[in-house]
Amino acid sequence: MFKASVKTCTRCQGVGHEIDSTETGLALRALRVSKHVTLSTVANRLRISKPYLSDLENGKRNWRGELIERFIKAL
């Protein structure tokens, strides 16, 4: 039997606020590309490395809520 793991949100300690990193990364990359903004430009604006941002967009690292907000503002 498959048992799904449920993580607790570190911000509010609620359950079920898990962010799907792969879907989020792909959606934010699509938004960035649609606005013709480079990975380097956004990484510089966020003050994070380009490889770290690439890992976020590829779902290899987990997005935090405040980083998503900063990403959108950086566009």
Side-chain angles (χ1 to χ4, degrees):
M1 179 177 195
F2 178 77
K3 183 178 179 183
S5 63
V6 177
K7 295 185 179 180
T8 302
C9 177
T10 56
R11 179 180 275 178
C12 67
Q13 299 303 314
V15 175
H17 298 134
E18 182 69 14
I19 296 171
D20 184 318
S21 294
T22 303
E23 286 184 28
T24 302
L26 292 174
L28 292 175
R29 176 191 295 143
L31 179 62
R32 176 181 59 77
V33 170
S34 74
K35 294 186 175 278
H36 307 285
V37 181
T38 66
L39 189 72
S40 295
T41 299
V42 175
N44 288 335
R45 290 176 183 172
L46 293 175
R47 295 183 180 159
I48 61 175
S49 71
K50 192 168 102 172
Y52 183 75
L53 180 56
S54 177
D55 284 351
L56 287 167
E57 286 188 351
N58 288 308
K60 294 178 182 176
R61 294 186 181 255
N62 295 322
W63 286 90
R64 297 181 320 272
E66 60 90 11
L67 188 56
I68 294 171
E69 292 171 13
R70 287 178 42 213
F71 181 94
I72 293 170
K73 288 178 183 177
L75 295 179

Residues at least two apart in sequence or cross-chain that pass side chain to side chain contact (heavy atoms under 4.5 Å, CB included) with K35, listed by chain then number, are L31, V37, L75
| said: If the threshold is 4.0 Å, N to carboxylate O, is there a salt bridge linking R70 and E66? | reply: yes
With a 3.5 Å cut-off and sequence neighbours excluded, list the donor-acceptor pairs that the side chains of residues 39-52 form with protein atoms.
unit_1	atom_1	unit_2	atom_2	d
T41	OG1	T38	OG1	2.7
N44	ND2	S40	O	3.2
R45	NH1	A74	O	2.5
S49	OG	Y52	N	3.1

Output for pair (L28 CG, F71 CZ), nearest 0.5 Å, gives 5.0 Å
Taken in chain and number order and not counting sequence neighbours, the residues that satisfy side-chain hydrogen bond (donor to acceptor under 3.5 Å, both in side chains) with R29 are E57, N58
Interatomic distance, CZ@R61 vs CG@L67, rounded to 0.5 Å, equals 11.5 Å
